[in-house]
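Only one structure is covered here, and it is reproduced in the block below.
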Amino acid sequence: MSPRDEIPNLRGEDGEGSVQVHQDASLQIEGAKVFAIYGKGGIGKSTTSSNMSAAFAKMGKRVLQIGCDPKHDSTFTLTGQLQPTVIDILKEVDFHPEELRPEDFVTEGYGGVKCVEAGGPPAGTGCGGYVVGQTVKLLKQHHLLEDTDVVIFDVLGDVVCGGFAAPLQHADKALIVTANDFDSIYAMNRIIAAVQAKSKNYKVRLAGCVANRSKDTDEVDRYCRTVGFNRLAHMPDVDAIRRSRLKKKTLFEMPLDDEIAACQAGYIKMAEALYNSTEVTTPAPLEDRDIFELLGFD
């Protein structure tokens, strides 16, 4: 019998040309609503994730945010500093997780949000999916998911390989952060295709997108109308967000003014929509040539 005989044949439905296996049932996250946040690198996913976590906490939810980036900067505005990564902490104990305590890899941030930085393998080595899997396993072993209402995965850049698509195996909904420009929308189109592929074998569905750091939304809206996608929110490019990151704080900790109040209200509205809505979208992503025709210039 070949070692490959036990690999389920997903007939390309989990990514063209891929060979994927279903996750261990013991690693399923139960009882919490799980959101995975994707988007082009540098688009503001960590800012969105952290302010969304703070907004959920303001709603009285028990929140866990998991950063899935080797930079491990997903949660620094919640905690005020960079946190050590799960993968680095596991290395220190020679990958014997039984030697770890929850406080070794979980930090409580603003509003009681539990903050975890999964980290990632060194550049050019290993797989991000392994790191995500080990992090979820560790959280399960320490029963840290049992008293959680919301889990947010903040996922590295616009990479759509099997490894960095791993959070989609746990998520209920995926939110895409974009901007009103070609490169961001092009990345969103590829991420939509990746989520749609995963949704054939996992429960994850697309919730919609947020237009971030953008004065206008005309290009985002044109794309969404074309493929049948939803824009859930528009977060303009305001100086309050830049200042909050420089101060290592979420917008909910900043001195209140009209600009900050508007941003806070926007994140609260988006959190409520994500948590309460049962609506999902099934957009039809465009081929590369078609998206160039849609958004390109003459």
inquiry  = Checking Leu274 against Val150 for the side-chain contact (heavy atoms from CB on, under 4.5 Å) test, could you report, in this order, the C-alpha distance in whole Å, the side-chain angles of both residues, the deciding distance, and whether it holds?
reply    = CA-CA 11 Å; Leu274 276 176; Val150 174; over 6 Å; no
Got a salt bridge between [X] and [Y], using NZ or NE/NH1/NH2 to carboxylate O under 4.0 Å?
| X | Y | value |
| --- | --- | --- |
| Lys45 | Asp154 | no |
| Lys269 | Glu272 | no |
| Asp172 | Arg205 | no |
| Asp237 | Lys215 | no |
| Glu259 | Arg243 | yes |

Shortest non-hydrogen contact between [X] and [Y], atoms and distance:
| X | Y | value |
| --- | --- | --- |
| Asn212 | Val177 | CB-CG1, 3.6 Å |
| Leu168 | Ala174 | CD2-CB, 4.1 Å |
| Ala57 | Gly111 | CB-O, 3.6 Å |

request  = Tell me, with the steps shown, if Ile43 and Arg213 meet side-chain contact (heavy atoms from CB on, under 4.5 Å).
outcome  = CA-CA 8 Å; Ile43 200 63; Arg213 296 180 179 174; 5.7 Å; no
Within a strict 4.5 Å, meaning less than it, do heavy atoms of the [X] and [Y] side chains meet?
| X | Y | value |
| --- | --- | --- |
| Arg231 | Thr217 | yes |
| Leu232 | Cys209 | no |
| His234 | Val210 | no |
| Lys247 | Met254 | yes |
| Pro97 | Leu90 | yes |
| Asn230 | Cys224 | no |
| Thr178 | Lys40 | no |
| Phe105 | Leu139 | yes |

task = Given side-chain contact (heavy atoms from CB on, under 4.5 Å), test Lys114 with Glu108 step by step and report yes or no.
result = CA-CA 5 Å; Lys114 296 175 184 174; Glu108 185 171 307; 5.8 Å; no
query = For Glu103, does the CD atom have more than 12 heavy-atom neighbours from other residues, nucleotides or ligands under 6.0 Å away?
reply = yes
query = Hey, is CG on Asp288 packed in by over 12 heavy atoms from elsewhere, all under 6.0 Å?
reply =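 Buried by this count: over 12 neighbours within 6.0 Å.
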Roughly how far, to the nearest 0.5 Å, is the [atom2] atom of [Y] from the [atom1] atom of [X]?
| X | Y | atom1 | atom2 | value |
| --- | --- | --- | --- | --- |
| Leu175 | Phe35 | CG | CZ | 9.0 Å |
| Glu253 | Gln264 | CD | CD | 10.0 Å |
| Thr282 | Phe229 | OG1 | CZ | 10.5 Å |
| His142 | Leu100 | NE2 | CG | 6.0 Å |
| Met235 | Thr48 | CE | OG1 | 7.5 Å |
| Ile37 | Ile66 | CD1 | CD1 | 12.0 Å |

ask   = Given the side-chain rings of Tyr186 and Tyr223, with only the six-membered ring counted for Trp, is the space between their centroids under 6.0 Å?
value = no
ask   = Are the ring centres of Phe292 and Phe182 closer than 6.0 Å?
value = yes
Quick one: do the [X] and [Y] side chains pair a donor with an acceptor below 3.5 Å?
| X | Y | value |
| --- | --- | --- |
| His143 | Glu146 | yes |
| Arg245 | Thr47 | yes |
| Gln65 | Ser74 | yes |
| Gln83 | Thr75 | no |

ask   = Within the side chain of Asp257, is there an N or O that forms a donor-acceptor pair under 3.5 Å with the backbone of Ile260?
value = yes
inquiry  = If you apply the rule side-chain contact (heavy atoms from CB on, under 4.5 Å), what do you find for Tyr275 with Lys61, and how did you get there?
reply    = CA-CA 10 Å; Tyr275 194 86; Lys61 306 302 180 186; 3.6 Å; yes
ask   = Does one hydrophobic cluster hold both Val106 and Val136, with members joined at side-chain heavy-atom distances below 4.5 Å?
value =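 Yes; Val136 is reachable from Val106 via cluster members.
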